[in-house]
Amino acid sequence: MPRLDREFFSTSAPRLARALLGKVLVRVLDGRRLAGVIVETEAYCGPRDLGSHARGGRRSARNEAMYAQAGTAYVYFTYGMHYCMNVVCGDVDEPVAVLLRALEPVEGTDAMSVLRGPSRGGRARPVTDLCSGPGKLCQALGIDRGLNHTDLVTSPVLFLEEPTRPVRLGVRRTARIGLGNAGAWTHKPLRWVVATNPHVSKGRPPRV
DNA sequence: ATGACGATTTACT
DNA sequence: GTAAATCGTCATA
């Protein structure tokens with residue numbers, strides 16, 4: 001399927017967050033394709049956004065990728081044990097990005113299951129537990145700090161594609177998950193969810 | 001140098 | 001529902 005190009009990513013965070021729903025995230029690992037349809041995203045809207053790592057214009061080694069060109073991956077480590085992946089958008093030096101929060105696995109689910117590790121009792125994980133959260137999807141696709149700054153437009157191992165088939169969408173917007181005190185930005189509807197899809201994160205069920 | 005905390009997940013009461 | 005796990009980053013001194 002055709003890859004998403006630079007132009008696709010060169011927009012605002014809210015527009016990209018909406019546009020990414022239904023697109024396919026592909027990770028090539030050991031020559032195998034691991035892929036999932038994006039079903040949940042969050043927009044981070046620049047220096048004014050008090051929920052963003054770039055709030056107040058913060059710029060450091062950790063969030064440097066947010067300032068790169070559209071189509072760059074921003075992967076960061078958090079809580080001492082999890083990675084989260086963003087797709088950078090906007091212009092160079094403008095720190096705006098979209099957090100990928102959940103995928104519906106479509107290729108390589110067996111490999112994802114291994115990467116996620118055994119669930120309680122050693123049984124196989126339900127497929128809905130493979131990529132239903134920002135940390136989970138990074139673990140399931142083998143995404144870690146080594147992929148920070150990856151150019152999703154040109155990389156052979158991490159990129160985005162159009163879906164093979166049209167995706168049924170029932171899009172809802174809610175407040176973002178897990179923010180500390182983000183002031184007036186805490187409750188802005190900057191999370192996009194395919195509400196009817198069982199692979200969304202458990203953070204906060206969307207109203208249907 | 002030190003301490004608080006985080007765009008989370010999991011297990012346990 | 002509550003708490004533990006676990007460590008890099010950032011603010012404060």
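All heavy atoms count here, side chains included; hydrogens, waters and symmetry mates do not. Just so we're on the same page: letters track the sequence lines, and every chain starts at 1.
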**OP:** Identify, with sequence neighbours excluded, every residue that meets salt bridge (charged side-chain N to carboxylate O under 4.0 Å, His left out) alongside A:D5.
**Re:** none

Subject >> Within residues 37-51 of chain A: residues closer than 4.0 Å to DNA chain C (heavy atoms) >> reply: none

Subject >> Nucleotide-level pairing of DNA chain B, given in dot-bracket where Watson-Crick and G-U pairs need both distances under 3.5 Å and | marks other strands >> reply: ||||||.|||||.

Original post:
P atom, C:dA4 versus B:dA4: distance in rounded Å?
Top reply: 16 Å

Subject >> Near-strand residues of residues 57-75 of chain A, defined as heavy-atom separation under 4.0 angstrom from DNA chain B >> reply: A:M66

**OP:** Check every strand shown and say whether A:R116 touches a base, only sugar-phosphate, or nothing at a heavy-atom separation below 4.0 Å.
**Re:** sugar-phosphate

Subject >> Distance, C1' atom - from C:dG1 to B:dA7, rounded to whole angstrom >> reply: 22 Å

Subject >> Any residue meeting ring-ring contact (aromatic ring centres under 6.0 Å, His included) with A:F77, in chain and number order, not counting sequence neighbours >> reply: A:Y83

Original post:
Can a side chain N or O of A:K136 be found less than 4.0 Å away from OP1 or OP2 on B:dT10?
Top reply: yes

Subject >> 5' priority, DNA chain C, between A:M81 and A:R145 [closest heavy atom] >> reply: A:M81

**OP:** Flag the pair A:Y44 / A:H53 as yes when their ring centroid distance falls below 6.0 Å, and as no otherwise.
**Re:** no

**OP:** May I ask you to evaluate whether A:H53 reaches the phosphate of B:dA7, defined as a side-chain N or O under 4.0 Å from OP1 or OP2?
**Re:** yes

Original post:
Taking only N and O in the side chain of A:R191, is any of them less than 4.0 Å away from OP1 or OP2 of B:dA7?
Top reply: no

**OP:** Determine which pairs satisfy salt bridge (Lys or Arg N to Asp or Glu O under 4.0 Å) with at least one residue from residues 64-84 of chain A, sequence neighbours left out, and list them in order.
**Re:** A:R59-A:E64

**OP:** For A:L179, answer base if it contacts any base atom (sugar-phosphate contacts may also be present), sugar-phosphate if it contacts only those atoms, and nothing otherwise; contact means non-hydrogen atoms under 4.0 Å.
**Re:** sugar-phosphate

